Structures are given as C-alpha cells and as structure tokens.
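What you see is a predicted model; the values in this text were computed from it and never measured.
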Amino acid sequence: MRTASCALIAASLLFSCANAILSSTSGSISYTYAQANGNDPLGSPDLPLQSLARSVPGLVPDQVKVIHWGNNSYLISWLSSDGQVGPNIIPPPANLVQSMVFYSSNDKYLNTSTVMNASGISLTYTYDYTKDVTKGYLEVDYAHGPGPTLLPINYVSGVIHHVLVEGLMPSTTYYYKVGDPRYYNGVSGILSFKTLGALVPTPSMPSVYPFRLGIIADVGQTYNTSTVLARLMEVEIDAVALIGDFTYADNYDADGCMYYSYLGVGHCPFTYPEGDIGEQTYQPRWDTFGRLSEPLLSKTPFFFTNGNHEIEELPTGARFTSVNARYPGPPADGIYSSIIHDFTNQLYLQTIVQGQPTDDEFDPMGAYKNMFYSADVPGAKLIFLTTFIGGDDFSSSSVQYKWFLSELKKVNRTLTPWLIVNFHFPMYTSYAGSYLGVECFRQSYEPLFYQYGVDLVFNGHVHSYERTNPVYNYSLNSCGTVHMTVGDGGNNEGITEYYNDEVVSELPYCAPGKSTTRVFPEWQPQACFSYPAPGGAYCYTSQPDWSAYRSPSWGFGVLTILNETTAHWLWNNTDIGSTAFDEAYFTRNPACLNGGDR
C-alpha cells in the first residue's frame with residue numbers, strides 16, 4: 001500500500017486523514033430494544049432472551065441470511081424451528097420440511113407457482129454438554145436445586161436450511177421468500193437483497209465502481225450491538241464482512257448463566273470440576289444472534305471468518321460445530337458440492353473441495369472446511385484466513401499457508417486491483433490484552449503480504465478501534481500494508497480500554513531485556529519472539545509510530561473502493577454522545593508490486 005492523503009496527494013500512505021467531529025442524526029431504522037439500557041461506553045449486558053425469542057408461528061422461517069458464495073451465486077439460509085436444551089433432547093426429523101427459495105427480479109409478489117425457485121438441504125446438529133462421553137452425563141444442578149443431579153444435557157438445533165441460488169444477474173435486486181409452501185405458516189414474508197456488481201464493465205454498467213463493504217467484528221448481542229447494527233443499516237453498503245466472534249455464546253454455561261462478561265467473572269449456580277469444558281457455551285444464544293442480525297444479513301450479502309469464540313470445543317474434540325452448521329462458507333477452490341456428512345453423530349453441511357486434504361492432522365473434525373476462502377468482488381480480491389486451526393504452526397508447509405500462497409499467485413491485479421486480507425486476531429495492535437499475540441503467524445505470513453502487495457488487512461479480537469500507517473515488520477514502509485482492527489462491534493466482554501504503552505509498567509511481559517523466560521499471559525505464544533520497540537525493547541512506552549489512530553470505542557467501518565487506485569475508509573464511533581470518527585483515503589502504488597520500489 002502505497003500512497004494516500006486527505007486530498008489524494010501522491011505521498012506516502014495516509015497517516016491520519018481525518019479524526020474529527022461528525023454530526024450525528026438518528027436514522028429511521030432501529031430495533032425496538034436498541035439502547036434500552038443506554039449505550040455504555042465500556043460495556044453493556046446481552047439483550048434479554050425474551051426480546052430475541054422466536055416470535056413467528058408454525059414453521060415460518062427466521063434467522064434468514066444471504067451468504068456470498070461465488071460470482072453470481074448466493075447461499076440463502078434460515079431456520080424453521082427453535083433449538084432446545086435440556087436432558088435427553090431428541091433431534092427433530094430435518095427432512096420433513098423442504099428447503100425452498102422462491103425468487104424473482106421483477107415479481108415483487110412472488111407467486112410461488114410462476115417465479116424461479118431453488119431447493120437445498122436441511123439439517124440439525126447436537127451440542128453435547130457431557131463431561132465424560134463414556135458415562136454420558138454432566139454433573140450439574142440443572143434445576144438449581146440443593147444438590148447435583150446426573151443428567152445427559154444436550155442442545156439440539158432447530159431445523160437449519162441451506163439453498164444455493166446460482167446464475168443471478170449482477171447489481172440486481174431480487175425479491176425472495178423461503179420455506180416450505182406445503183405447510184400453513186411454512187413460508188417467510190417477502191424479502192429482498194441486491195447482488196454484487198459485475199467484475200468487468202458492461203454496456204449497461206460501464207463502471208464496476210464504487211464498491212462499498214461494511215466491516216464489523218466481535219459483535220455479540222448486547223444493547224451496544226443493536227446500536228452498531230442499526231447504525232450500519234443506515235449506511236449504503238453492497239456487502240458486509242464479519243471478521244470473527246459472532247455470538248459470544250461461549251461466555252455462558254450450559255443452562256444459560258453468564259459466567260464471564262465486562263463486569264467480570266459471574267457466579268453461576270453450580271460448580272464444574274476442574275478442566276471441564278462442557279459448560280462453556282449456551283447454544284440458544286446462536287439463535288438469538290441469528291434473529292438480531294436478520295434485518296441486516298437477510299438484505300445484505302455476507303462474508304465472514306471465524307474467531308476464537310466460534311471454537312466452542314467439546315469434550316469429544318469437536319470444534320466449530322455451531323458456526324459450520326449455521327454459516328457454511330464457500331469452498332476454498334470455488335468448486336461447490338454439498339452432502340450431509342456425519343461426524344460423531346453430528347449432521348452439518350460439508351463442503352467438498354477438490355484436492356482438499358483428508359487427514360485430521362490439525363483438527364479432529366478435518367477442520368480445513370470453513371477456515372479459509374477467497375472472493376472476487378468489484379475492484380478487489382478478498383481473502384479470508386484463520387489463526388485458529390488447531391495445531392497449525394503457520395509454517396510454509398502448512399495447509400493454509402500453501403493455499404494462501406497459491407491464491408496470491410492467481411490474483412489478477414487488472415481485474416481485482418485491490419488485495420484485501422481478513423483474519424480475526426491482529427498482527428498489529430498497541431492495546432494491552434492482545435499485544436504480539438500472533439507473532440508466529442505474522443513472521444510467516446507478513447513477508448507474503450509484502451511480496452504480493454496486500455493493500456489492506458481487517459481484524460477484530462481487540463475490542464476497540466485502531467488503524468496503522470503502512471507498515472512492514474514494525475517499520476514504516478510506503479509499500480507496507482495498512483492494518484485496521486475493528487473489534488468494536490458491541491460484545492458482552494466490553495471495550496478494550498488500555499493501550500499497552502499506557503500500562504507498560506504493570507505488565508510482567510514488558511520487563512526489560514530479552515529474556516525468553518519473562519511471564520506471559522496464556523494468549524501470548526512463548527515463541528517467535530520479536531523486540532519491535534525502540535532500543536530493541538519488547539514493549540513500547542509511547543504510541544508506536546506505525547499506529548496512526550486508535551480509539552477505545554464501539555463502532556463499525558465502511559470501505560468504499562472508488563476506482564483502481566483510490567479507496568475511502570470511514571470508521572464510525574457509535575458511542576452515545578460521541579461525534580468522533582476516523583476517515584482516510586488510500587491510494588495504491590502499483591510500483592510496490594513484485595519487487596518494485598521498496
């Protein structure tokens with residue numbers, strides 16, 4: 001990346017174009033429960049379960065979303081029943097309800113007998129809370145009574161439907177409804193979404209620009225979240241990307257008691273044996289998140305990558321069960337085929353990727369699915385990666401690294417001049433709590449960013465906002481990448497308040513010298529050491545020069561690609577009473593590519 005300034009003057013890439021005052025007006029789109037308890041700058045509780053309970057009758061679909069799948073194809077997903085948690089819950093028969101999408105670009109009334117339709121698959125999944133799978137129970141006081149009861153506690157999802165709709169026209173509004181018309185109250189109301197624009201100009205669309213991408217991460221389902229989503233819906237965007245950490249369901253135990261939030265560690269009514277991991281998720285919070293996000297995701301094509309809160313590891317070793325079932329991503333090589341696949345008695349959509357490894361070296365579930373993929377959008381190649389493949393050492397021999405390198409080699413910078421990479425945990429953050437947390441990943445992948453000219457990186461994980469200057473290996477570099485952390489979507493863990501350099505004297509891992517025996521928090525790998533601060537120190541004592549702007553606030557961002565060389569970025573602070581924002585123009589320098597002027 002390359003050059004930028006507020007006036008688009010050809011210089012080294014933007015340092016801080018605008019961090020100014022923006023007047024705020026209330027929009028017409030809001031949720032009835034938004035800001036019910038105010039928009040707390042530090043944190044707010046999750047919205048009550050009752051406010052997000054399933055409210056439609058019969059088999060009427062809810063939790064509808066439109067996932068971008070490929071050029072002119074979209075995966076439309078929904079649920080036709082509610083999930084249940086308790087002892088010995090039996091999965092409902094998923095095949096009794098058809099998965100149908102009825103759609104048209106000209107018939108707003110969608111007569112199901114005349115408009116186009118597509119069919120798909122239905123499935124359920126079970127989330128097993130048992131501590132010991134050989135005994136089949138978890139020792140819990142499920143009724144909150146005086147003593148523990150031995151019960152086999154499990155969650156069974158509602159019936160999940162996925163339908164791939166292909167061959168759609170670019171830049172076209174489609175009206176659609178989903179469900180099973182054989183049943184009374186089996187079909188949704190009429191919804192609509194607009195497909196992304198064409199990748200190349202056409203006589204009817206002589207320019208592929210602008211393309212507008214909303215960016216959110218670490219969203220959750222709090223009062224703050226509802227404010228962020230409502231504000232985002234007031235902005236004109238073509239698609240939205242969620243850079244990991246959807247629901248924060250894993251901050252609850254098995255019966256819905258929140259045991260961790262911005263208020264600290266909760267006091268749940270029963271105690272779990274040391275090492276137990278079965279309590280660490282309350283699956284109905286996936287359903288409530290689906291309803292909270294439906295107004296946005298049912299009308300706006302959706303991209304995503306996973307975060308640490310999607311792992312939800314079970315005692316069986318299963319990981320990412322919920323997100324894989326509800327939010328299947330496109331296959332890494334763009335070839336689509338779907339089957340119902342059975343892993344440890346859990347049914348979910350399995351994307352089959354030609355040439356995809358079949359060994360389980362990194363993940364008991366064969367975890368390469370839904371981990372990394374790419375998408376071509378007007379003017380840009382989007383690549384989605386993960387730092388959460390279990391056991392991945394990020395080396396050049398690892399599966400994701402080899403795929404990423406092959407993908408970089410295929411990028412057509414004439415067709416998609418902008419190259420944007422997205423993953424959850426940031427390489428660059430000056431906040432305490434995640435500082436130098438993925439150094440092994442950075443040391444392995446950042447040279448590829450530099451060599452192939454990655455323009456922008458979007459991250460989450462840190463619950464605040466930060467934008468860097470163009471940077472490579474902790475040094476300012478006009479051909480480096482600009483990194484933006486937008487982990488401020490509203491979640492129940494609260495804002496990340498402190499910069500690492502502000503509290504450096506209180507951090508054991510910031511001790512002077514280069515001792516590798518320094519005390520590290522568990523999230524910080526004790527490997528791949530870097531000493532990026534002045535004088536070869538491990539920690540900075542003032543804001544790093546690569547950090548252009550940072551704000552411990554809630555918000556979201558919108559990237560607008562204006563043409564082949566210019567893009568506009570606007571981060572919106574959604575804190576009540578705040579008028580701060582961060583605005584930047586980026587200008588690409590093609591000379592930076594492939595060993596150019598560095």
Point to revise | Verdict with supporting geometry, Lys381 and Glu407, salt bridge (Lys or Arg N to Asp or Glu O under 4.0 Å) | key: CA-CA 10 Å; Lys381 164 75 79 173; Glu407 199 70 14; 3.5 Å; yes
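- Between the Thr300 side chain and the Ala239 main chain, no donor and acceptor come within less than 3.5 Å of each other.
- Summarising the geometry of Gly494 relative to Trp554, their closest heavy-atom pair is C-CH2, 3.4 Å, with the distance given to 0.1 Å.
- For the side chain to side chain contact (heavy atoms under 4.5 Å, CB included) criterion with Phe556, the lone passing option out of Ile237, Val235, Ile215, Val240 is Val235.
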Review point. Going through the checks in order, is the salt bridge (Lys or Arg N to Asp or Glu O under 4.0 Å) test met by Arg442 and Glu439?
Key: CA-CA 5 Å; Arg442 186 196 65 79; Glu439 269 301 281; 2.8 Å; yes
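- Taking CD of Gln63 as the reference point, atom CD of Glu294 lies at 7.5 Å (rounded to 0.5 Å).
- Side chains of Tyr155 and Asp287: a donor on one and an acceptor on the other come within 3.5 Å.
- Thr566 is not listed as a side-chain neighbour of Phe586, based on a closest heavy-atom distance of 4.5 Å or more.
- In this structure the side chain of Val219 never reaches within 4.5 angstrom of the side chain of Asp245, judged on heavy atoms.
- With a 4.5 Å cut-off on side-chain heavy atoms, Thr468 and Ser547 do not count as touching.
- Checking Asp501 against Gln543 by side-chain atom types alone, no donor-acceptor pair falls below 3.5 Å.
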Practice item. Report the C-alpha distance between Arg285 and Gln221 in whole Å, list the side-chain angles of each, state the deciding distance to 0.1 Å, and finish with yes or no for side chain to side chain contact (heavy atoms under 4.5 Å, CB included). Key: CA-CA 9 Å; Arg285 278 295 178 181; Gln221 45 198 298; 3.2 Å; yes
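- The aromatic rings of Tyr327 and Phe246 sit perpendicular, their planes meeting at an angle over 60°, well past the 30° parallel limit.
- Counting only N and O atoms by type, the side chains of His424 and Asn308 include a donor and acceptor under 3.5 Å apart.
- Ionic pairing of Arg212 and Glu236 is present here: one or more N-O contacts between side-chain nitrogen and carboxylate oxygen are shorter than 4.0 angstrom.
- Going from atom CG of Leu436 over to atom SG of Cys539 covers 7.0 Å, rounded to the nearest 0.5 Å.
- Tyr509 and Tyr538 have perpendicular rings, their planes meeting at more than 60° on a 0 to 90° scale where under 30° would count as parallel.
- Separation of the Phe423 and Phe425 ring centroids does not fall under the 6.0 Å cut-off.
- Judged by distance alone, the side chains of Glu310 and Ser322 never bring a donor and an acceptor atom under 3.5 Å apart.
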Exercise for review: Start with the C-alpha gap between Thr386 and Asn306, add the side-chain angles, then the distance that decides, and say whether side chain to side chain donor-acceptor pair (under 3.5 Å) holds.
Suggested key: CA-CA 7 Å; Thr386 183; Asn306 59 55; 2.8 Å; yes
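- Residues His483 and Arg467 are not in side-chain contact: their nearest non-hydrogen atoms beyond the backbone lie 4.5 Å or more apart.
- The shortest side-chain heavy-atom distance between Tyr445 and Leu385 falls under the 4.5 Å cut-off.
- Side-chain contact of Glu312 with Thr281: a donor-acceptor pair under 3.5 Å is present, judged by distance alone.
- Between the side chains of His568 and Glu583, a donor-acceptor pair is found at a separation under 3.5 Å.
- Of all the heavy atoms in Ala241 and Leu213, the pair that sits closest is N-CD1, 4.0 Å.
- Asn573 and Ser553 form a side-chain donor-acceptor contact under 3.5 Å, judged by distance and modelled atom types alone.
- For Tyr472, the OH atom is densely surrounded, since the number of other residues' heavy atoms within 6.0 Å is greater than 12.
- Phe193 CZ to Lys299 NZ: the interatomic distance, rounded to the nearest 0.5 Å, is 13.0 Å.
- Tyr428 and Glu446 share a donor-acceptor pair across their side chains, judged by distance under 3.5 Å alone.
- Using cut-offs of 30° and 60° for the angle between ring planes, the Trp569 and Phe458 rings count as tilted.
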Practice item. Kindly indicate, with the supporting measurements, whether the criterion side chain to side chain contact (heavy atoms under 4.5 Å, CB included) is fulfilled by Met484 and Glu466. Key: CA-CA 6 Å; Met484 280 163 284; Glu466 186 165 23; over 6 Å; no
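- Between Ser430 and Asn500, the side chains place no donor N or O within less than 3.5 Å of an acceptor N or O (distance only, hydrogens not considered).
- Remark: the Thr574 side chain and the Asn572 side chain contain no N/O donor-acceptor pair separated by less than 3.5 Å.
- Note: Trp571 and Tyr465 have parallel aromatic rings, judged against thresholds of 30 and 60 degrees for the angle between ring planes.
- Checking side-chain atoms of Asn491 against main-chain N and O of Asp218 turns up a donor-acceptor pair under 3.5 Å.
- A donor and an acceptor atom, one from each side chain of Trp286 and Tyr127, are nowhere located under 3.5 Å apart.
- The aromatic rings of His463 and Tyr248 sit perpendicular, their planes meeting at an angle over 60°, well past the 30° parallel limit.
- Summarising the geometry of Gly460 relative to Thr485, their closest heavy-atom pair is O-CG2, 3.6 Å, with the distance given to 0.1 Å.
- When the options Asn224, Thr222, Thr247, Asp46 are evaluated for a side-chain hydrogen bond (donor to acceptor under 3.5 Å, both in side chains) with Asn492, the one that passes is Asp46.
- Between Tyr450 and Asn477, the side chains place a donor N or O and an acceptor N or O closer than 3.5 Å (distance only, hydrogens not considered).
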Exercise for review: Carefully, step by step, assess Asp376 and Arg413 under the rule salt bridge (Lys or Arg N to Asp or Glu O under 4.0 Å).
Suggested key: CA-CA 11 Å; Asp376 291 334; Arg413 299 304 282 259; over 6 Å; no
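- Residues Leu75 and Val66 have side chains not in contact (no heavy-atom distance under 4.5 Å, counting atoms from C-beta outward).
- The side-chain heavy atoms of Pro552 and Tyr431, taken from C-beta on, include a pair separated by under 4.5 Å.
- Aromatic ring centres of Phe388 and Phe320 lie farther apart than the 6.0 Å criterion allows.
- The pair Lys194-Asp238 does not meet the salt-bridge criterion, since no charged nitrogen lies less than 4.0 angstrom from a carboxylate oxygen.
- Taken from CG in Asn422 to CG in Asn459, the straight-line distance is 8.0 Å, to the nearest 0.5 Å.
- Scanning both residues, Pro48 and Ser51, for their nearest heavy atoms gives O-OG, 2.7 Å.
- In this structure, Pro378 and Ile561 have side chains that are not in contact, with every pair of non-hydrogen atoms separated by 4.5 Å or more.
- With hydrogens and angles left out, the side-chain atoms of Asn324 and Asn370 include a donor and acceptor closer than 3.5 Å.
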Exercise for review: Could you walk me through whether Asp392 and Phe441 pass the side chain to side chain contact (heavy atoms under 4.5 Å, CB included) test, one step at a time?
Suggested key: CA-CA 9 Å; Asp392 192 350; Phe441 178 77; over 6 Å; no
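- Considering every non-hydrogen atom in both Tyr474 and Pro532, the closest pair reads CG-CB, 3.4 Å.
- For the atom pair CD of Glu506 and OH of Tyr498, the computed distance is 8.5 Å after rounding to the nearest 0.5 Å.
- Closest non-hydrogen pair, Leu296 versus Leu229, comes out as CD2-CD2, 4.1 Å.
- Atoms CG and OG, on Asp62 and Ser298 in that order, are 11.0 Å from each other to the nearest 0.5 Å.
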